[in-house]
J.: 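Could you have a look at this structure, given as structure tokens, before my questions?
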Amino acid sequence: MTENTPLIIPELVALDADAGPGKEDVIEFLAATVAGAGRASSPDGLAADAKKRESTAPTGIPGGIAIPHCRSSHVLAPSLGFARLAQPVDFGAADGRDADLIFMIAAPDGADDFHLQLLAKLARGLMQSDFTDALRQAADAEEIARIVTGQVQPELLDDGGDAEESQAGAAESAEDSKTAAAPAASSAPAVGETVIVGVSSCPTGIAHTFMAAEALEQAGKDRGITVAIEGQGSGKIDALDPDLIERATAVIFAHDLPVKGRERFAGKPVIDVGVKAAVNDAGSLVDKALAAADDPSAARVPAGSESSEESEEGSEHWARRLQRSVMTGVSYMIPFVAAGGLLIALGFLLAGYDVANLYEKISISDYSLWNLPGSEFVHEIKNSAGDVVATETISVSQSGLLLYIGWSLFLLGKAAMTFLVPALAGYISFGLAGRPGIAPGFVMGVVAVEVGAGFIGGLVGGILAGYFAAWLAGLNVPSWLRGLMPVVIIPLGTTLVVGALMYMVLGLPLASLMTALQNGLTSMSEGGSAVLLGIILGLMMCFDLGGPVNKAAYLFGTAGLSAASATNTAPYEIMATVMATGMVPPLAMSAATFLRSRLFTKAEIENGRSAWLLGLSFISEGAIPFAAADPLRVIPATMAGGAVTGAMTMAMHVGSRAPHGGVFVAFAITNFGGFLLAILVGTAVSTALVILLKGLGRNKDGKDAAEAQPAAAAA
């Protein structure tokens with residue numbers, strides 16, 4: 001979508017529509033309208049994303065208006081769906097009025113600053129009666145499209161009289177909105193005029209952020225004072241003029257996200273509320289700010305305060321900070337593992353498993369699409385002087401184009417897998433020290449691999465590098481040296497000190513620990529211990545569904561793949577066990593919602609419709625909504641099923657050469673029948689247990705306890 005493409009067209013408008021009795025019906029109706037206009041790939045997917053956003057907080061605003069909105073991968077271009085309802089629907093507005101004007105703001109995941117600014121103009125316009133009155137009086141869809149376009153993109157309107165006539169009020173609103181959206185410096189208040197500044201933000205960064213800003217600024221105009229609000233939305237932030245902040249007598253923070261640049265307002269009297277408070281009653285907030293300006297005892301922004309993110313990090317318990325940083329490292333590492341492992345598996349699929357024999361022996365650069373390899377290769381073995389002392393003939397099962405493509409994919413996968421430990425260490429260090437910690441952390445990961453310490457060395461090296469870099473960053477250095485600290489001093493000093501420590505002191509013991517751990521896992525994968533290992537891995541994978549324990553088990557599985565070979569298949573079996581058990585929770589929750597829907601809430605039933613696909617893809621997080629709502633029943637049930645699946649996969653010697661992909665990498669799984677059988681049995685166990693536990697927990701009035709929990713929390 002270009003800058004000259006309108007956000008709204010007549011095909012996105014429905015007038016006097018009967019969309020249904022509830023807000024979910026209206027959202028589904030508008031999602032279908034957006035998809036029908038070619039602006040979304042899936043109406044169901046868009047509706048699900050919008051309803052998920054709606055479940056976090058109502059989007060109704062005073063005046064009979066609702067603005068359901070979301071970012072969605074199903075949106076093809078930034079769009080506005082609009083419905084003027086024949087029968088208003090309750091969207092949870094603070095004034096209790098049902099909404100008859102419904103805008104669906106549909107933004108793609110990658111919406112650029114330009115389109116986010118247009119959506120911000122719409123949000124501001126919704127706070128002005130001239131604009132909403134014009135929408136209620138419009139005669140047809142074309143007029144609605146002109147009115148809205150005049151608010152958000154007036155330059156796209158024709159110069160004809162009809163457009164100007166039908167858009168008189170809305171165009172004026174659009175002009176006001178432009179002025180309000182501009183940096184505060186563009187309309188400096190007169191000397192001596194009362195000034196209030198502030199910040200607004202909401203989780204999505206599209207609608208409430210700018211409606212709050214508009215409402216507060218309009219309330220200031222009604223009182224004859226200047227109110228300038230910085231909307232910290234998803235697009236480019238138009239920062240407040242520092243001179244305006246200096247002149248301000250009070251500050252209003254209407255936010256649901258941490259305020260960026262809070263230190264700019266240090267010492268000012270502050271009113272700190274959620275963003276919805278500004279949308280619902282901006283006038284009272286401005287009055288409170290005026291009163292705080294004259295109150296010596298009013299709360300103030302602490303002098304020298306950091307941004308909220310930095311303040312929260314500084315007060316964070318060291319153990320929690322360490323855990324968060326390790327999880328950061330694991331989360332950044334997983335894409336390397338997933339991409340590398342799947343490429344290796346595809347290489348095996350096309351070229352056969354014996355393509356691994358070519359690795360580090362035959363150079364792929366000797367071949368091309370115009371010089372395809374055969375099925376036999378001669379590897380020359382040379383002495384230290386470079387003389388050929390022996391030759392080795394390597395035969396593979398495939399030749400020609402498939403071998404060449406598979407070989408290339410295999411080598412790409414191997415290249416990606418080499419970043420496993422460096423990425424883990426680098427981003428652990430990043431989590432502890434920020435950007436200055438990335439370079440030394442990556443270096444410690446490389447060192448860990450070189451000394452044979454593997455991922456344990458990466459963990460230790462990343463943690464040490466992060467803490468040392470953070471300590472260096474906290475030193476009080478002269479002003480002339482500060483500019484060199486993050487780009488030279490911290491990376492150099494940390495790499496020197498921690499790198500020397502890893503090589504000279506920690507390398508050997510960490511390598512010994514890693515070897516002992518690998519040998520222990522290999523020994524457990526044989527005989528009766530294999531079943532016990534499968535049970536342990538199954539319990540870990542299903543305990544917190546993507547949390548630290550789950551990720552620790554996954555890390556064990558993926559880290560061992562590099563040591564696997566034709567004679568050492570234990571790592572493949574461990575990887576298959578990890579993947580199979582991780583698939584059980586979402587599959588079981590999907591099956592349970594299908595078999596006993598009355599035991600689940602409407603939102604859980606909706607989640608269950610997609611959880612089966614997440615399960616088949618090995619995305620354990622698909623079960624998180626169920627576990628969060630009812631952990632005491634869901635987690636034990638999924639752990640039981642995971643333990644059964646883990647025991648069965650190890651007992652049947654199921655192996656996986658791919659670290660991710662679920663059933664979609666069947667070609668990389670040995671004994672795929674056993675793999676499926678273990679998953680089906682474990683899923684059946686978990687499904688039966690969760691249904692049993694939820695059935696036992698039903699209240700006497702017939703309502704499920706899990707259903708009562710969200711209601712109690714909301715109350």
Side-chain angles (χ1 to χ4, degrees), residues 1-56 58-61 65-86 88-89 91 99-112 114-123 125-126 135 138 140-153 156 204-208 210-211 234-235 606 609-610:
M1 180 177 177
T2 67
E3 295 188 3
N4 291 324
T5 303
L7 288 173
I8 188 168
I9 55 178
E11 289 78 8
L12 291 169
V13 176
L15 297 184
D16 302 321
D18 185 6
K23 62 181 181 180
E24 291 195 347
D25 300 308
V26 177
I27 290 174
E28 291 173 359
F29 174 82
L30 280 170
T33 302
V34 173
R39 298 292 188 94
S41 60
S42 168
D44 294 337
L46 173 56
D49 290 338
K51 286 189 284 187
K52 182 179 179 181
R53 164 61 187 87
E54 189 75 24
S55 67
T56 64
T59 56
I61 61 176
I65 304 166
I67 35 86
H69 56 279
C70 67
R71 288 175 176 272
S72 174
S73 60
H74 302 286
V75 177
L76 303 177
S79 303
L80 299 174
F82 175 79
R84 192 171 67 194
L85 301 180
V89 172
F91 268 80
D100 64 326
L101 298 182
I102 317 294
F103 271 103
M104 172 175 277
I105 301 179
D109 284 337
D112 56 27
F114 173 76
H115 293 109
L116 293 171
Q117 289 168 10
L118 298 185
L119 297 176
K121 291 182 182 180
L122 171 70
L126 289 173
L135 295 175
D140 51 38
E142 287 75 11
E143 187 174 356
I144 291 287
R146 286 197 301 271
I147 292 172
V148 176
T149 300
Q151 169 66 26
V152 298
Q153 293 170 285
L156 296 188
T204 307
I206 297 174
H208 288 85
F210 300 101
M211 287 191 295
S234 296
E606 189 68 29
R609 292 174 182 169
S610 60

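Just so it is clear, the model here is predicted, and its values are computed rather than measured. Only this structure's heavy atoms are used, side chains among them; waters, hydrogens and symmetry mates stay out.
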J.: Atom CG of Leu30 and atom NE2 of His69: how far apart are they, to the nearest 0.5 Å?
T.: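 Leu30 atom CG to His69 atom NE2 measures 14.0 Å (nearest 0.5 Å).
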J.: Ser73 versus Pro108: any side-chain heavy-atom pair under 4.5 Å?
T.: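 Contact flag for Ser73/Pro108 side chains = no.
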J.: Output the distance between atom CG (Leu80) and atom CD1 (Ile9), rounded to the nearest 0.5 Å.
T.: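 Reported value, rounded in 0.5 Å steps: 11.0 Å.
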J.: Looking only at heavy atoms, which two atoms of Val148 and Leu135 are closest? And how far apart?
T.: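 Closest approach of Val148 to Leu135: CG2-CD2, 3.9 Å.
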J.: Using the test ring pair (Phe, Tyr, Trp, His ring centres under 6.0 Å), find all partners of Phe91 that sit at least two apart in sequence or belong to another chain.
T.: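 Phe91: no ring pair (Phe, Tyr, Trp, His ring centres under 6.0 Å) contacts found.
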J.: Between Glu142 (side chain only) and Pro10 (backbone N and O only), is there a donor and an acceptor less than 3.5 Å apart?
T.: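 The answer is no, because no donor-acceptor pair under 3.5 Å joins these two groups.
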J.: Taking all non-hydrogen atoms of both residues, which atom of Ala50 and which atom of Ile27 are closest, and how far apart?
T.: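 What the structure gives for the nearest pair is CB-CG2, 3.7 Å.
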J.: So, for Ile144 and Ala138, which heavy atoms are closest and what is the spacing to 0.1 Å?
T.: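 Heavy-atom minimum between the residues: CD1-CB, 3.5 Å.
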J.: Nearest 0.5 angstrom please: Met104 CE to Ser79 OG, how far?
T.: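 OG of Ser79 is found 11.0 Å from CE of Met104.
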J.: What is the distance from atom CG of Asp49 to atom OG of Ser72, rounded to the nearest 0.5 Å?
T.: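 Taking CG in Asp49 and OG in Ser72, the distance rounds to 3.5 Å.
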J.: Considering non-hydrogen atoms only, spot the tightest contact between Ala141 and Leu15 and give its length.
T.: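 Shortest heavy-atom contact: N-CD1, 3.6 Å.
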J.: So how far is it from Leu85 CG to Asp25 CG, rounded to the nearest 0.5 Å?
T.: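 Rounded to the nearest 0.5 Å, the CG-CG separation comes to 11.0 Å.
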J.: Report yes or no: does Arg39 contribute a side-chain atom to a donor-acceptor pair with the main-chain N or O of Val75 at less than 3.5 Å?
T.: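 Flag not set: sc Arg39 to bb Val75 has no pair under 3.5 Å.
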J.: State the CZ-CD1 distance between Phe82 and Ile102, to the nearest 0.5 angstrom.
T.: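 Phe82 CZ to Ile102 CD1: 8.5 Å, rounded to 0.5 Å.
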J.: Can you name the closest pair of heavy atoms from Pro88 and Asp100 and give their distance?
T.: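 Heavy atoms of Pro88 and Asp100 come nearest at CG-CB, 4.0 Å.
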J.: Testing the basics here: between Ser55 and Lys52, what is the closest heavy-atom pair and its distance to 0.1 Å?
T.: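 Between these two residues, the closest heavy atoms are OG-O, 2.5 Å.
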J.: Under a 4.0 Å N-O cut-off, is there an ion pair linking Glu28 with Lys51?
T.: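 Yes.
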J.: Quick one: does Arg71's side chain have a donor or acceptor within less than 3.5 Å of a partner on Ala106's backbone?
T.: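 Not at all, since once roles are kept as given, no pair shorter than 3.5 Å links the two residues.
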J.: Less than 4.5 Å apart, any side-chain heavy atom of Pro43 and any of Leu46?
T.: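 Answer no - side chains too far apart.
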